[in-house]
Structure formats: C-alpha cells, structure tokens
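The next block holds one structure in the form of structure tokens; read it before the comments.
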Amino acid sequence: MNSKFILPGFALMVLIQLFVPLKMIFDKENILKNGVLYKFKAAPVDPNDPFIGKYVALNFEAVNYRYRQDMTWNMDDLAYVTLTADSLGFAQIHDVYQKPPADEPYITATVQYTQPYENQLVIHYPFDRYYVEESQAPEIEKRYREAFQDSSKVAYALVAVKNGKAVLKELVIE
Amino acid sequence: MIKDLPELIKAGVIPEETAERIREYYRHKKPASSNRLFIVFGILGALLIGSGIILILAHNWDNFSGTVKTILAFIPLVVGQFLCGNSLFNPRLKENVTWRESSATFLFFAVGACIAIISQVYNISGSMSGYLLTWMLLCLPLAYILPSSIASLLYIIGITAYGVNTDYWTPNATPHYLYWLLLLLIAPSFFRHLQQKPGSNFTTFHHWFLPLSAMIMLGSLQADEQWKFTAVAYAVFFGVLYLLGKMDYFEKNKLSFNSYHIFGFLGIIGMCMVGGYHDFWSIETSKPFSGDSPMLIALVVLFLTAAYLLFRLRAFEWSRLDAMDFGCIIYGIAAIVSISSPVFSAVLINLYLLVVGVQLVSQGAHRVNLARLNIGLLIIAALVTMRFFDIDISFALRGLIFVMMGTGFFMANYWMLKNKKQDE
C-alpha cells in the first residue's frame, strides 16, 4: 500500500472497528432506557434441552395471529408486530403489518411459518435466547421447567421496544 | 551441501577455493528456516494468549456488571489495535514479519470476540451469517494496511464459512452472491503476494486456500434441481484449475506450490469416476431447465476462462496437449448427450478415463517417472474395479482380474526400476 495512505487508512480502520460494537451498544442502551417495556410470557420449549450452548432458548405464548383473507404471507417474511397487554399484563399480539406502522410501537419480527387454510401465521421474535453463565445453567434450567409444571409459577421475558427494535432485558422466573 | 564438499573436492568436481567460498557464503547467510519458525511460533503465541484471556474472563464472567463486561470486551480490541499500530509505525518493528503477523492475528480474533461478547451481554440473537460478515469486513483492511498475510488467509476462511452458512445451511434461502464479491475484495492482496513474494509459504497457502474456497462455494450457485449443470460446472472448474497449473509460473515451481494442478487433476478424475456410472446421467429432474440459472452463467464464464487459458498455453501446438486438458470438454459433451442416451455418456467418460490412464502410464515409462506410471495404473485399476459393480460376473473372475491388475502393477514398477538402474 502507498505509504501516504497507511496512517489515514489505519486510523480509519481503528475507528470503524471501534464504532461498530459501540453503535451496537448505543442502540441497545437507547432502547433499554427509552423503549416501551413489555412482558412476554414464556412457553415451554423442547423438554429435553432448552439450552443450546450457554443460552436459554426462549419460546413465547404470544406468537399466533389470524390475518385477513386478502393478505398473503410467506415464511421468513418480515412482520411488524404491534402489541397490547392482557388482563395479567402480559403482551399479546394486537396486529401484524407488512409495513412499519407510523403511530404505535412495534417489533420487527419474521414469519416462522403460515397455515394458509386457516389464515394463521406464527411469529418468530428476534429475542429468542437468554445468555447465562455455565455454572448457573442447571439451576436456571430446573426453575424454568418448574415454571411450566407449577401453575403458581410463571416465567416471562422483560423486553424493551423502540422503533421496531427489541432488547431482552431480563428473564424472570417467579 | 557443506557435508558434500570434501567428496566433491576429492572427485575433482570443484577446486578447494570454490569450496571455501561456498562455506563462507553459508556462514553469513541468514537462516531462513529459523525466521519462519519464529513467525509460526509468534502467531501461535498470539492465538494462545488471546484464547487464554478469554477463558480467564469467562470463568469470572457472571460476577461482572454489564458495564464491566462491556469494557472488558473492548480491551483485547484496543490492545490488538495498539500492537498493530506499533508494528506499522515503530521503526524497530516495521520490518519485523513476526510482530506484524502476530499482532494482526491477535487483532483479527479480538474483533470477533468483541462483537460476540457484546451480543451476549445484550442478548442479541442475530444470525451467524451476519456476525461472520461483520467480522470479516472489519478485518479485511488488515490484509492491505499492515499488510498481513495471515489476516488475508483468515479472511478467506471466514468468508467461506459465511458463504456456507448463508447458502448451504440456511434452509429454503434464496442464493446470495455476496460471497463472490467478498472473494473479489481479497484479490488485490493475492496479486500483491504473487508479485512481491512469489515463492513464500504465505503465497503457497493462498494458492491452496483460494481454489478450495471457490470449489466449496461453486455448488451454492445451483438454485434449483439443475444438478447436471452443477456437475459440468465443477468439471470445467477443475479443467480451468488444471490449465492454470500448466502456466509457466506454476510449472517452474515444486508440486506442493502448484495446488491448481493437484486440485484440477484430482477433480477431473473424481468427476469422471462419478460420471462413469450411467445411473448418474439417467436421473431425471422434476423441474424444467431455467435459462437464467446462476450456475449457467458460471458455466459460461468458466468455459471462456478455459478457452483463454488454452490460447495462452498455445495449446494448438499439439505436442503440449495431454488428455487431461480435454476433461471439461468431454464432460460437457457427455452432459449434452445424456439427454438422449445416458449409457453413451457413461461409455464416453469411461473411454476418456482409460485414455488418461494409458497416457499417464506411457508418459511415465518414457520419462522414467515412477509416480506418473503408478498414477496411470491406479486410474486404470480404479476404473476396472468400479465397473465390477456395474456388471454381473462371478467372484472367481473378479478375483482373477484383480490378481492380473496387481501383477501388472508389480511388473511395470519392476521393469521401470530395472531400466533406471541400467541407465545409471
């Protein structure tokens, strides 16, 4: 490389390498601080192993949506999901749009699969894993399973939402 | 060589003063092998230090707050950038290859670790493809600015992993062609290696990594069931590699340097071994031919490249041709003919393999080259063995034919060695 470009090139490379992870952090912190908080009630996962590596694979109850007959949805389509809260304060799907809605908070998700004969689709949320430290994994796994077997317990994810983006704040098992 | 000098002086091959000048030269020559060893150990050391730091942090990870985790994620990155800056601008380290390659390796993995740790701290799901793409693009400048050969090689590995993850492992995905653009981005680094360090080990590694990466990703261009195009594309791809390996630049160097020749040869033989079965050509596809298939475009590009290389080799001097040069053409003809007669295609491929085997045996015998002779015999033997599974003959007859083949091997090698000894 021409020597007069080395210093500016190196400086630019350093700045970009620092900028990208910092931007990731800034975006997520912005959502956590200024986003709307929703509680997503967790649904049971594969009973054999909810853990893949060092994270809990999450599944949620609020994933089904019956769409209008004039709409067409395909697997892996982007879906813009608006939410409402049920009587217990857990998030439910209010509406699913094919373009971002202008006037209400929404999450950018994807269509996991569709059931065209029933005009139903299943949503896949972008917050489907919760990272845990390996030594704590067995205890959390036990409590996570117990939450589905014991009706007095509940597991849910606290998610902050802003401008279509979502950040998983915490996994609560109580 | 030093050890042979007394024998050469005694035999009158070189005078005493020439021998002394040779001893003097080697006494002052910089030991290249010990430099290479330092570079290798330097790179290994950087990898181990980086891995060790990550493991120590991982052990205590859960005790740290989110802010501390974030800061810790950046420390290897900043340290790696400092080390690379040092190797670039410190006059004492500027020409130090070990320092440059080690710091580039450390920074390469520090970038990946930083993004991964941030993703974990903020529970960002993301996709493996997105992660790999970001990581590789952030580290691509290392191959040009430092410039680091290891970063260039790691980049090739990384984009191959990205391509495999995006195009092979994602079910029902539409083909992405970004991998080919990413491969083009490293091309100037590769050409710089060819021009400035043609004989170096790093350049040799590039000669191996690049065709291997392209070979892995070529199949991803198949968007539907047109697998015959894929088969022909691979045959032409290997033909192109074989012709590249015949260019003067590669033929002058040792075989381990000439990955194109090895890949091309093994690839064409492998494709022909598979194409020798008529079942291979008779399987029907359920989807009709699509004129805008990306594999068809790749096929056209590869054919034009093969034609250009043949022209460059001035292969119209027939003496420079051998049967292997025609592998891709034969395969293409077989694919076209298979539409009406799959059996004829299989026979054509088998005849072609027989010609290749016989030619290699003949060349081996003429040039007194045992390797060439034995490879030719192996090809003929493999061809005969594979046809055994196609035809219904008794075990006794099969055993007899195997005995004859084995005897043929021994006799050919014995005769060659005997002639070689007589010539000496």
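Below, read A as the first sequence line, B as the second, and so on, with proteins coming before strands; counting in each chain starts at 1.
Comparing A:I16, A:V167, A:L7 by how many heavy-atom pairs each has under 4.5 Å with chain B, the most go to A:L7. Each of B:V111, B:I124, B:T134 has some count of heavy-atom pairs under 4.5 Å with chain A, and the biggest count is that of B:I124. For the set A:R129, A:M13, A:K28, A:Q17, the entry with the most heavy-atom pairs within less than 4.5 Å of chain B is A:Q17.
Interface remark: B:L77 contributes side-chain atoms only to the contact with chain A (heavy atom separation under 4.5 Å). The parts of B:L142 that come within reach of chain A are both its backbone and its side chain, each placing non-hydrogen atoms under 4.5 angstrom from that chain. Contact annotation for A:P21: both backbone and side-chain heavy atoms come within less than 4.5 Å of a heavy atom of chain B. For A:V20, the part lying near chain B is the side chain, with the backbone staying farther off; criterion is any non-hydrogen pair under 4.5 Å. Heavy atoms closer than 4.5 Å to chain B are found in the backbone of A:F127, but not in its side chain. Only the side chain of A:L32 comes within less than 4.5 Å of a heavy atom of chain B; its backbone N, CA, C and O stay farther away. Of the two parts of B:L138, the backbone and the side chain both hold a non-hydrogen atom closer than 4.5 Å to a non-hydrogen atom of chain A.
Between A:Y156 and A:F90, the ring centre distance stays below 6.0 Å. Taking the six-membered ring for Trp and the full ring otherwise, the centers of A:H124 and A:Y113 sit at least 6.0 Å from each other.
When the ring pair (Phe, Tyr, Trp, His ring centres under 6.0 Å) test is applied to A:Y65, no partner is found at least two apart in sequence or on another chain.
Minimum heavy-atom separation, A:M75 to A:Q112: CG-O, 3.0 Å. Taking every heavy atom of both residues into account, A:P105 and A:T82 meet most closely at O-CG2, 3.7 Å. The two atoms that bring B:M217 and B:T160 nearest to each other are SD-O, 4.1 Å, heavy atoms only.
When each of B:S152, B:S189, B:S200 is checked for a side-chain hydrogen bond (donor to acceptor under 3.5 Å, both in side chains) with B:H206, only B:S152 meets the rule.
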